[in-house]
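As structure tokens, the structure follows; a few thoughts come after it.
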Amino acid sequence: MLRLISDPKQVKKLYADFRQLLESKTLFSVHLPDFHIGHRGGTAATDADYSPQLDVWTSPGNLQWNAFGVGKSPSMVVQINFQEYDRKPRRVGAAFALDAANNPVVIHRGHLGGGKRGVGLSLMLNECRAEHMWLREENGQETECFVVGQLRSRFFAQQLATFVWEVHRVKTLGSVSELSGIAASLLTLDNQGFTTEKTGTGTRTTSGPTELTHGLVVNELAKRLGKTAARHGWQVRNDRHRDLMLTEGNTLRLLFEVKTGVSTQSICTGLGQLLLYSAGEAGASLVLVLPEKLPADVADQLHRWKVQVLYYSWADTTPRFRDLSKLLARL
């Protein structure tokens, strides 16, 4: 459960940290003067800054107006606006909150603007793969929200970018999914390509706090698989359930399930997901992607079940995959 930060002084201090990232000339290095941002009320002329590394732009203004988009398209994807809690009315969608370890996180309540039919909170709750958490509001009410990123994390810039790209993906769907309960795509592949993953779940390590890195691993692995896919005439894809896959037409060739920890729960969940999501695809190779080496007996058992293991480690904020070339050479 996240706890809302409503003290005006603390909100302004955290917002200063937030703006420090957005004003980084190292990260957002390309200035876009007279950038005409499209929005529901028309078009607003303003300056924006683009990050080649993240492939997103930002046009920060003040607490209650911070626009973001993808690529260099002037179409605004999402606003991450904060509230000065000593003022009313309170209509903004983003906020600062504290997690269980008292670390500040940026959240978004999922209300989307833009005036497009079907795009709003219901669509976000049904389709958004960003990390969902519950927020205890100022009045004690609990609100389901989405984690934009962990403000003091070394991964915050990547977390912010993956959230913007995920909202972009959701908005292109254009209407609320009719699915409820178990989705139809549970045992069949969605007919779509690869879309950048959510920041996703994380794990607590002995060296520091929990980091939300799932989406970062998925996205980097997708990039690394691009050449192999092109050489075989395959496609890099993911869908609502499957982290990452290589397909030949609608035939599943390789299915990846990414975990950010090696707890018993993570291993059992990953194994179950691989088996369930590959049902009906007898020829598919299954790969469990993990950050730490498994005990030999556990790895041997997974091998007997025809599940391969791909390990990764971190080089600063980029995951590096050990023996990926060897794994792909066996295809």
Side-chain angles (χ1 to χ4, degrees), residues 101 129 131 153-155 158 186-187 189 194 197-229 231-232 234 236-239 241-248 251-331:
R129 295 185 307 223
E131 180 77 359
S153 169
R154 62 184 175 134
F155 299 109
Q158 289 86 348
L186 184 65
L187 299 179
L189 307 185
F194 176 76
E197 254 278 17
K198 66 181 181 179
T199 300
T201 55
T203 184
R204 182 176 296 277
T205 68
T206 57
S207 59
T210 300
E211 300 278 12
L212 300 178
T213 57
H214 179 272
L216 308 184
V217 178
V218 172
N219 295 342
E220 182 64 23
L221 182 55
K223 292 179 185 178
R224 297 289 304 277
L225 293 174
K227 291 184 179 179
T228 297
R231 185 169 63 251
H232 287 276
W234 296 349
V236 180
R237 295 170 58 183
N238 61 356
D239 62 24
H241 301 290
R242 297 160 185 85
D243 282 343
L244 198 59
M245 51 189 163
L246 293 181
T247 62
E248 183 178 12
T251 300
L252 181 64
R253 293 300 185 190
L254 195 62
L255 177 63
F256 295 87
E257 182 62 36
V258 174
K259 295 300 174 188
T260 57
V262 291
S263 66
T264 299
Q265 180 180 359
S266 293
I267 301 304
C268 291
T269 301
L271 178 60
Q273 288 169 315
L274 286 170
L275 296 177
L276 186 60
Y277 297 159
S278 64
E281 302 283 347
S285 297
L286 309 180
V287 183
L288 188 59
V289 185
L290 299 172
E292 298 177 36
K293 194 171 181 63
L294 292 173
D297 55 343
V298 177
D300 289 343
Q301 184 59 57
L302 291 177
H303 181 73
R304 285 193 286 272
W305 288 330
K306 299 183 179 180
V307 174
Q308 303 178 70
V309 181
L310 175 65
Y311 296 108
Y312 68 91
S313 57
W314 290 96
D316 193 17
T317 58
T318 302
R320 301 299 185 195
F321 302 93
R322 284 175 269 170
D323 298 325
L324 177 60
S325 57
K326 293 180 180 179
L327 185 150
L328 296 177
R330 295 194 289 267
L331 296 178

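All values derive from a computational prediction rather than experimental measurement.
Heavy atoms of other residues, nucleotides or ligands lying less than 6.0 angstrom from NE2 of His232 number more than 12.
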Discussion item. Does Thr247 form a side-chain contact (heavy atoms from CB on, under 4.5 Å) with Trp234? I'd like the steps, not just the answer.
Written reply: CA-CA 5 Å; Thr247 62; Trp234 296 349; 6.0 Å; no

Item to complete: Test Thr317 against Leu216 for side-chain contact (heavy atoms from CB on, under 4.5 Å), laying out the working first.
Response: CA-CA 9 Å; Thr317 58; Leu216 308 184; 6.0 Å; no

Worksheet entry | Residues Val287, Val307; criterion side-chain contact (heavy atoms from CB on, under 4.5 Å); working and verdict | CA-CA 6 Å; Val287 183; Val307 174; over 6 Å; no

Worksheet item: Do Gln308 and Arg330 pass the side-chain contact (heavy atoms from CB on, under 4.5 Å) test, and can you show the C-alpha distance, the side-chain angles, and the key distance before you say yes or no?
Response: CA-CA 11 Å; Gln308 303 178 70; Arg330 295 194 289 267; 2.9 Å; yes

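Tyr277 has its side chain out of reach of Met245: every pair of non-hydrogen atoms, C-beta onward, lies at least 4.5 Å apart. Side-chain contact between Glu281 and Thr251 is present, with at least one heavy-atom pair separated by less than 4.5 Å. No side-chain heavy atom of Lys259 sits under 4.5 Å from any side-chain heavy atom of His214. The shortest distance between side-chain heavy atoms of Leu274 and Phe256 does not fall below 4.5 Å. Side-chain contact between Leu255 and Leu244: absent, with no pair of heavy atoms (C-beta onward) separated by less than 4.5 Å. Gln301 has its side chain out of reach of Val298: every pair of non-hydrogen atoms, C-beta onward, lies at least 4.5 Å apart. By the 4.5 Å heavy-atom criterion applied to side chains, Asn238 and Asp243 are not counted as neighbours. You'll find the side chain of Leu275 reaches within 4.5 Å of the side chain of Leu286, heavy atoms only.
Contact detail for Leu302 and Val309: the closest heavy-atom pair is CD1-CG2, 3.8 Å. Minimum heavy-atom separation, Pro291 to Arg322: O-NH2, 4.0 Å. Heavy-atom minimum distance, Trp305 versus Leu271: CZ3-CD2, 3.4 Å.
Classified by interplanar angle (parallel below 30°, tilted 30° to 60°, perpendicular above 60°), the ring pair Tyr312/Trp314 is perpendicular.
When only modelled atom types and interatomic distance are considered, Ser263 and Ser266 share a side-chain donor-acceptor pair under 3.5 Å.
A distance of 6.5 Å separates CZ of Arg154 from CG of Asp316, quoted to the nearest 0.5 Å. Atom CG of Leu212 sits about 7.5 Å away from atom OG of Ser153, to the nearest 0.5 Å. One distance of note links CD of Glu292 with CG of Leu294; it measures 9.0 Å at 0.5 Å rounding. Considering CD of Glu248 and CG of Leu254, their distance stands at 12.5 Å, rounded to 0.5 Å. The structure places CD of Gln273 at 11.5 Å from SG of Cys268, a figure rounded to the nearest 0.5 Å.
Considering Val262, Ile267, Val258, Leu310 in turn, Ile267 is the only one that fulfils the side-chain contact (heavy atoms from CB on, under 4.5 Å) rule with Leu288.
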